[in-house]
Amino acid sequence: MYIYAVEKDVPIPSRRGRCKGGSKYPFMTMEIGDSFIVECAPENRRKIGINIMCSARRYKPRLFVSRRLETGVRCWRLE
């Protein structure tokens, strides 16, 4: 059995990485119907697609969709 000590008044550290400064993808500047492509090797398409859609979730209520293509992954803004 584990026993954890409860502590009070411990400050929350600020966010690190890209989340603090925005996304490396241009979601904020996209209008409905716009798209961008991330060119990548075939073995990286799935990972890149997941990264794009995880990043896109932060920009709700905007709606994005991505598709894996022969040359990479393309993302469109739908709403």
Closest heavy-atom pair and its distance - R77, M30: NH1-O, 2.7 Å
Is it true that V65 and L63 fall in one hydrophobic cluster, defined by side-chain heavy atoms closer than 4.5 Å? yes
Per side-chain contact (heavy atoms from CB on, under 4.5 Å), V73 is matched among R45, E39, K47, R46 by R45
Looking only at non-hydrogen atoms, find the nearest pair between S66 and G49 and report the distance. OG-O, 4.1 Å
If you take all heavy atoms of S23 and S55, which pair is closest and at what distance? OG-CB, 4.2 Å
The reported gap from CD in E31 to CZ in R62 (rounded to nearest 0.5 angstrom) is 10.5 Å
Is any side-chain heavy atom of T29 closer than 4.5 Å to a side-chain heavy atom of F36? no
Can you pull the ring-ring contact (aromatic ring centres under 6.0 Å, His included) pairs that have at least one residue in residues 60-79, sequence neighbours excluded? F27-F64
About how many Å separate CG of L69 and CD1 of I37, when rounded to the nearest 0.5 Å? 5.5 Å
Under 6.0 Å from the CD atom of E43, do we count more than 12 heavy atoms belonging to anything else shown? yes
Do side-chain atoms of R57 reach the backbone of Y59 as a donor and acceptor pair under 3.5 angstrom? no
Residues that S35 engages under side chain to side chain donor-acceptor pair (under 3.5 Å), provided they are two or more places apart: R74
